[in-house]
Amino acid sequence: MEIKLVLIVAILGIHTLATTCAPLDVYVNCNTGDDNGSGSTSAPYKTLHRAQASIRTSRVAGIQGRRTVHVSGWCIFSSPLVLDTPLDSNVTWTKDAAWNSNVLLSGGTPISPKITNVSQLVSVDLGQYNFTKETLGNLTGRGYSGGSACILLNNFEESAAELFYRAANIPTAGQAAATQDGVDTMYLARYPNKGILPNLQDWMGVKSVDNHTLTLMGPTAEQIQQWQSEPQDKWAHGLWSWNWADSHRPVVGFNSGAMSITVGDDNINRDVNLAPRGRQGGNLYVYNLKSELDTPGEYYIDKDEAMLYFYPPHQSGGSCTYNVTISRSDKPGVSWQSLIIEGQSSNAAFKFSGCETSGTMGNECVHSYGVPEGAHALVNEDGVVVGEGVCCNGVSDSVISTQLLSCTKPFVHSNGTFHISRLSNIISVEPGVSDVTFADFEIRYSRGAGVRINGGMNITLERCTVSDHGMMGVNITNGFDCGVSSSDIGNNGDVGVALYGGDRQTLTPSNHFVENCTVHYNQRWIMNYAPNVFLGGVGQRISNSSIYSSPQIGVFMQGNDHTMEYSELHDLGQQCSDCAGFYMGRDWTYRGNLLLGNTWYNIASIFQDTPHAVYLDDQLSSVSVIENVFNEVGSVILLGGGRHNIFERNILNSTGHVVLMDARGGGGTRCCHANALPYSFLFRVPYNTSTYAKYAGLANILNDDPCEPKYNSLSNNVLCGRTTDMGISSAQVAAWGSIATNNTVGKC
């Protein structure tokens, strides 16, 4: 017996020694490593895939403990890194602390164009990078995502190959903007050209629609003839009937005489007829047109010849903002102020509203400005008037005063790199994997979702930049306690970050999160219902994040018990109507959601309708909006017929409406029948059982005037600035069975 015990102890000792002395750190240098090496600091692997194989082998051999993979260099993936077994668990993948530059995880192919002049067209033979017509992919007739199922489906869609530019002086991963605020983003050649900031000139208008034939406003007959003669597929991206529903359609016919085009079908089956109530729809641009390749940042790929053509991203001058006071000779005593002045090169010709002049002062930056009906004058970069304009209608203008407020420097391409997207995605995590961290990486240039976490537990991205993907940046679906922290998510084709999980039948939360992040400038391909952040299912959280620059929704919630707290939301709803910075809608059972302590500003659209900061649509109920600051917001909140919503202790400085509230349920005629969404959605969950009993009034809702906006509280808010009332009477609110009390005027 004694001999046997000694033998057992000896065996256990050997196992313990093997576990303790096994190397827990693996090294990868994607520039100079060798997959035949040992993975040590002196002989690093070349690929993350080889490091993964090494860890799996060690796990099978019984070597446990947390592993750290230290990565350096630019890692050009030939296939996605797929974590799909428990052997991939308990690993930190991180930038090597000794590496003094960003680490790039790329799903694209870097190309080396010869650029001698940023103003000249550049051509690149993509065949030398092993691209063919087939591998360059196809444009598709995709459209907006109307709900969580559609959003998650986009997790597996892909774009065609795209061209991306990466600036040489890009900030540390996760610490700053993924792009230079949209300046260096590349776009397929299009008409009209896209400006840096959203504006109406980005879109053509539509005079009339006959079936799928649209008579256009903007292009010339010669342009339409050129479009028709081009050999490749031509496409149109439109806000067809409504400015909240976009899609891409092939252009299948041209008529230069009638100034019209005919478009084919998309994948969402939306009508292209103009909206019946006006002010909506009829906005589009056409793209994938070589004849429209005419401006910095545009590109065109000839798939048949595998040739790329592009103009490098750059601007010829900076831009300045002035306070300018100007008078018109035909309107004495009338003046205009606060004009934006865009920079041009010093010897450029100036044109605004049909009036021309030129500046040859030899300054670094000469400016023109415009006022109503085309009056203009010239000032130099110091804000000094150096010339006064005479309009083509003979009306002269006189500058009374100018005050320079701020100037930005021009962006000029210099030593950056160009990349063509190739892989479907870069990182995939499947069920059964747990406790994995990716830290301090740039993750770029895939055609689908950059990072897909489809299950798993405690999977996190920390201090990463996830940018330049064809569809989503990060998609987290199912699993528990997964999220993104201290990262930058931007310039992706669809949703920035999607969080979905938990069980609405049991109200089990998944506890996914976005915290301390910047999420911005997404929706390159899909504009509507493709928010910067989507929360679905049960129990997701956004905290301490900056969410901005979206053509429509910044944050879209569906489901239960989500929280958005202490975040900043601005420059949302930029190209939409009937929309908002935050949106939920059409379900009585989406309850327990909280917006706490957030700051909102500059929620405004280029179209006529004013977006709301918060939009609770079509009977949406039980959202608490508490201690938020709404500063210079055109419309603060729309309460669309729902109940048990709380709007309290907020600071309200609105330039328009504070509260828009209605009883759109129509006394039951619009929401309490089998085909009405709130009613039909009620039966998707056990709403009248103990599971949902924590939500006030839900179990008995069908017996309690369900389509009346009852039990809402609009109370204890502070109105300041130009805001002196809530925009709705307390008596009307009370008549609906809700309350609006103790809302006071104070200081901002």
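- Here the shortest heavy-atom pairing between Asn544 and Ser567 reads N-OG, 3.3 Å.
- Looking at Arg444 and Glu442, a side-chain N of the basic residue comes within less than 4.0 Å of a carboxylate O on the acidic one, giving a salt bridge.
- With respect to Arg190 and Asp202, no salt bridge is recorded, no charged nitrogen being found less than 4.0 Å from a carboxylate O.
- Between the side chains of Asn283 and Asn243, at least one donor N or O lies within less than 3.5 Å of an accepting N or O.
- Of the charged side-chain nitrogens involved, none lies within less than 4.0 Å of a carboxylate oxygen, so that Glu298 and Lys194 do not count as a salt-bridged pair.
- With hydrogens and angles disregarded, no donor-acceptor distance shorter than 3.5 Å links the side chain of Thr508 to the backbone of Gly502.
- One distance of note links CZ of Arg524 with CG of Asp468; it measures 6.5 Å at 0.5 Å rounding.
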### Task
I would like to know whether Gln523 and Asn532 meet side chain to side chain donor-acceptor pair (under 3.5 Å); could you show each step before the answer?
CA-CA 8 Å; Gln523 305 93 22; Asn532 279 330; 3.1 Å; yes
### Query
Which is it for Asp266 and Ser247 under the side chain to side chain donor-acceptor pair (under 3.5 Å) test, yes or no, and what are the steps along the way?
CA-CA 6 Å; Asp266 57 21; Ser247 71; 2.5 Å; yes
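- Of the N and O atoms on the side chains of Asn631 and Trp600, not one donor lies less than 3.5 Å from an acceptor on the other residue.
- How far OH of Tyr187 is from OH of Tyr285: 8.5 Å, rounded to the nearest 0.5 Å.
- Separation of atoms CE (Met584) and NE2 (His562) is listed at 6.0 Å; rounding is to 0.5 Å.
- Counted by atom type alone, His612 and Ser635 present one or more donor-acceptor pairs between their side chains at under 3.5 Å.
- Counting only distance, with no hydrogens or angles, the side chain of Asn717 and the backbone of Phe647 share a donor-acceptor pair below 3.5 Å.
- Note that CG of Asp246 is 10.5 Å distant from CZ of Arg142, once rounded to the nearest 0.5 Å.
- Ring pair His248/Tyr287: centre-to-centre distance below 6.0 Å.
- No side-chain donor-acceptor contact under 3.5 Å links Ser549 and His520.
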### Task
Please report the C-alpha distance between Asp587 and Arg684 in whole Å, then the side-chain angles of each, then the deciding distance to 0.1 Å, and finally whether the salt bridge (charged side-chain N to carboxylate O under 4.0 Å, His left out) criterion is met.
CA-CA 10 Å; Asp587 198 316; Arg684 298 189 301 181; 2.8 Å; yes
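- Ser545 contributes a side-chain N or O that, together with a main-chain N or O of Cys517, makes up a donor-acceptor pair within less than 3.5 Å.
- Ring-centre distance between Phe630 and Tyr601: not below the 6.0 Å cut-off.
- With a 4.5 Å cut-off on side-chain heavy atoms, Asn602 and Glu632 do not count as touching.
- Checking Gln574 against Ser550 by side-chain atom types alone, no donor-acceptor pair falls below 3.5 Å.
- Judged purely by atom type and a 3.5 angstrom limit, Asn598 uses its side chain to pair as donor or acceptor with the backbone of Met564.
- Defined by atom type and a distance below 3.5 Å, a donor-acceptor pair is present between the side-chain atoms of Trp525 and Glu162.
- By the side chain to side chain contact (heavy atoms under 4.5 Å, CB included) test, Pro709 is found to be paired with Met661, Ala663, Asn712, Trp736, residues two or more places apart in sequence or in another chain being considered.
- The only option from Leu660, Ile637, Asp578 that meets the side chain to side chain contact (heavy atoms under 4.5 Å, CB included) definition with Tyr615 turns out to be Asp578.
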### Query
What do the steps show when you test Tyr687 against Tyr692 for ring pair (Phe, Tyr, Trp, His ring centres under 6.0 Å), and what is the final call?
CA-CA 5 Å; Tyr687 76 95; Tyr692 274 68; 8.2 Å; no
### Task
Given side chain to side chain donor-acceptor pair (under 3.5 Å), test Asp561 with Tyr695 step by step and report yes or no.
CA-CA 10 Å; Asp561 302 337; Tyr695 302 131; 2.9 Å; yes
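- In this structure, the side chain to side chain contact (heavy atoms under 4.5 Å, CB included) partners of Glu565, at least two apart in sequence or on a different chain, are Arg541, Ser543, Thr563, Leu596.
- The main-chain N or O of Gly592 is found under 3.5 Å from a side-chain atom of Ser622 such that the two form a donor-acceptor pair.
- Using a distance-only test at 3.5 Å, with no hydrogens or angles considered, no donor-acceptor pair links the side chain of Asn516 to the main chain of Ser486.
- Atoms CD1 and CD1, from Ile459 and Ile476 in turn, are 9.5 Å apart once rounded to the nearest 0.5 Å.
- Checked against side chain to side chain contact (heavy atoms under 4.5 Å, CB included), Ser428 has the following partners two or more places apart in sequence or in another chain: Val82, Asn425, Glu430, Arg452.
- The number of heavy-atom neighbours closer than 6.0 Å to NE2 of His657, taken from other residues, nucleotides and ligands shown, is 12 or below.
- In this structure, CD1 on Ile651 lies 11.5 Å from OG1 on Thr723, to the nearest 0.5 angstrom.
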### Task
In sequence, state the C-alpha distance, the side-chain angles, and the governing distance for Ser715 and Arg649, and then conclude on side-chain contact (heavy atoms from CB on, under 4.5 Å).
CA-CA 7 Å; Ser715 302; Arg649 303 195 303 277; over 6 Å; no
### Query
Should Arg643 and Glu708 be marked as a salt bridge (charged side-chain N to carboxylate O under 4.0 Å, His left out) after you check the CA-CA gap, both sets of side-chain angles, and the distance that decides it?
CA-CA 8 Å; Arg643 51 183 50 205; Glu708 291 299 312; over 6 Å; no
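- Every residue was checked against the side-chain hydrogen bond (donor to acceptor under 3.5 Å, both in side chains) condition with Trp588, not counting sequence neighbours, and none meets it.
- The nearest pair of heavy atoms linking Asp494 to Ala530 is OD1-CB, 3.2 Å.
- Evaluation of the disulfide bond (SG atoms under 2.5 Å apart) test over residues 534-585, restricted to residues two or more places apart or in two chains, returns Cys576-Cys579.
- Put simply, the side chain of His469 gets close to the backbone of Ser446: a donor and an acceptor are under 3.5 Å apart.
- At distances below 3.5 Å, at least one donor-acceptor pair connects side-chain atoms of Asn645 with backbone N or O atoms of Leu620.
- A salt bridge links Arg664 to Asp617: one of the charged nitrogens lies within less than 4.0 Å of a carboxylate oxygen.
- In this structure, Arg586 contributes its side chain and Asp618 its backbone to no donor-acceptor pair below 3.5 Å.
- Using modelled atom types, one finds no donor on one side chain facing an acceptor on the other under 3.5 Å when comparing His570 with Tyr548.
- Judged as a side chain to side chain contact (heavy atoms under 4.5 Å, CB included), and not counting sequence neighbours, the contacts of Ser510 are Phe480, His512, Gln540.
- Between the side chains of Asn653 and Arg722, no donor-acceptor pair is found at a separation under 3.5 Å.
- With respect to Tyr529, the ring-ring contact (aromatic ring centres under 6.0 Å, His included) criterion is satisfied by exactly one of Phe556, Trp242, Phe534: Phe556.
- Side chain of Ser654 to main chain of Val633: a donor-acceptor pair is present (N/O by atom type, distance under 3.5 Å, no hydrogens or angles).
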### side chain to side chain donor-acceptor pair (under 3.5 Å) evaluation trace for Asn560 with Asn593
CA-CA 6 Å; Asn560 299 72; Asn593 298 293; over 6 Å; no
